[in-house]
Amino acid sequence: TRRAFVLALAALLPMTAAQAADIKERTLKFAFQNNKGHPQEMGAQKFAELVAARSGGKIKVKLFPGGQLGGDVQTISAVQGGTIEISVLNSGILQSLSKEFAVFDFPFLFANPQEADAVTDGAFGQGLHAKLAPRGLVGLGYWDLGFRNITNSKHPITRVEDIAGLKLRVIQSPIYVDIFTALGANPTPLAWPEVYSALEQKAVDGQENPNTTIRTAKLNEVQKHLAQTRHIYNPQSLIFSKKLWDTLSADERKIITDAATEATAYQRQVSRQQANEALEDLKKAGMQVTEIAPAELQRMRDKVKPVVEKYSASVGAETVKTLYAEIAKVRK
Ligand code: MLT
């Protein structure tokens, strides 16, 4: 009949339109640890805007900042399971899935962020992200968290001896426990969303994080001393749930990978600019800042050498050799 023909035609129309663009209406959850104004959140915001613009508003990226959906360890499982689609977190914490990621927590590895960019954007970093696929994750880029520094409520740190005996909150990854044990501290692994109250209640004396994270989390309210130890540089991995990735169209994947590349460049720039501003703000807020003399940094480096050796052995000598060779190529 004519009516059946019209109905059949009408049913075909939306299909044709959808095929032309091959983008489905979707809302993706993007969870991360820091709050509004932090370079991590600004990068996520940029990514969300780019994805929305390029998908004609069909793909919405909803941000969940401040660890409201859980800490990093919990988030990794959720992204693997597909209940959270996207996250960005310290690359080193992914050593729970693939042991090579431990290299990103090696103390005093990178002299500056540019060395880290060369390694992460090159074959080494891309190769590590490729190892995540069988573990349910797609690595879309490396962002910048920055150099970690120690804060505490007890006394200024200028020498390695000043770290001794401090009860320090560390990331929930065994290498952090080993590093801070080697430095003489009493390390306590805790998820990031619990850190402010642990410091406030004096369950721990201190913690370590980049200046930008210390500022956004307002740790100056609960910490007096800030030592610029710059002991670890954290790249962060932008990760996407492979469960969802495998169902996306080529058009959708292109929108997401292009947005990730652009957001990565923007995020790195913002994060590096904010690192110095954050230090000035923390001084103004009353934190007592100490710089560490090069000879003292060398003593810290000597103390953690056995830890680097231990993890180098588990990562594999060849991989570590390749990494050092990549850094040497760009070291000034
Ligand atoms: C942590 O210490 O858990 C992280 O470095 C927090 C962050 O992602 O800024």
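Worth saying up front: this structure is predicted, and the values here are computed from it rather than measured. Every number for a ligand or one of its atoms is a count from 1 in the order of the listing.
Regarding atom 7 (C) of ligand 1, its nearest protein heavy-atom neighbour is N34 ND2, 3.4 Å. Among all protein heavy atoms, the one lying closest to atom 4 (C) of ligand 1 is N209 OD1, 3.6 Å.
Close approach of ligand 1 to I171 (heavy-atom distance below 4.0 Å) involves ligand atoms 1 (C), 2 (O), 3 (O). The atoms of ligand 1 that sit less than 4.0 Å from any heavy atom of N90 are 4 (C), 5 (O). Within the listing of ligand 1, atoms 5 (O), 7 (C), 9 (O) sit less than 4.0 angstrom from a heavy atom of L145. Atoms of ligand 1 found under 4.0 Å from any heavy atom of Q236 (numbered from 1 in listed order, with element): 8 (O).
Cluster annotation: L168 and I171 are assigned to the same hydrophobic cluster (Ile/Leu/Val/Met/Phe/Trp/Tyr, side-chain heavy-atom contacts under 4.5 Å, transitive). If you chain together hydrophobic residues whose side chains sit under 4.5 Å apart, F30 and L89 never meet in one group.
Residue contact annotation: Q172 has no non-hydrogen atom under 4.0 Å from ligand 1.
K254 pairs with exactly one of D251, D258, T257 by the side chain to side chain donor-acceptor pair (under 3.5 Å) rule, that one being D258.
For T213, a nitrogen or oxygen atom sits less than 3.5 Å from a nitrogen or oxygen atom of ligand 1, counting backbone and side chain alike.
Here the shortest heavy-atom distance to atom 3 (O) of ligand 1, taken over R169, E208, Q33, H38, belongs to R169.
Annotation: F106 is not in aromatic contact with H231 [ring centroid separation under 6.0 Å not met].
Under the rule for a side chain to side chain donor-acceptor pair (under 3.5 Å), T75 has no partner lying at least two apart in sequence or in another chain.
A salt bridge between K167 and D205 is absent, with no side-chain N of the basic residue lying under 4.0 Å from a carboxylate O of the acidic one.
Checking side-chain atoms of R135 against main-chain N and O of L97 turns up a donor-acceptor pair under 3.5 Å.
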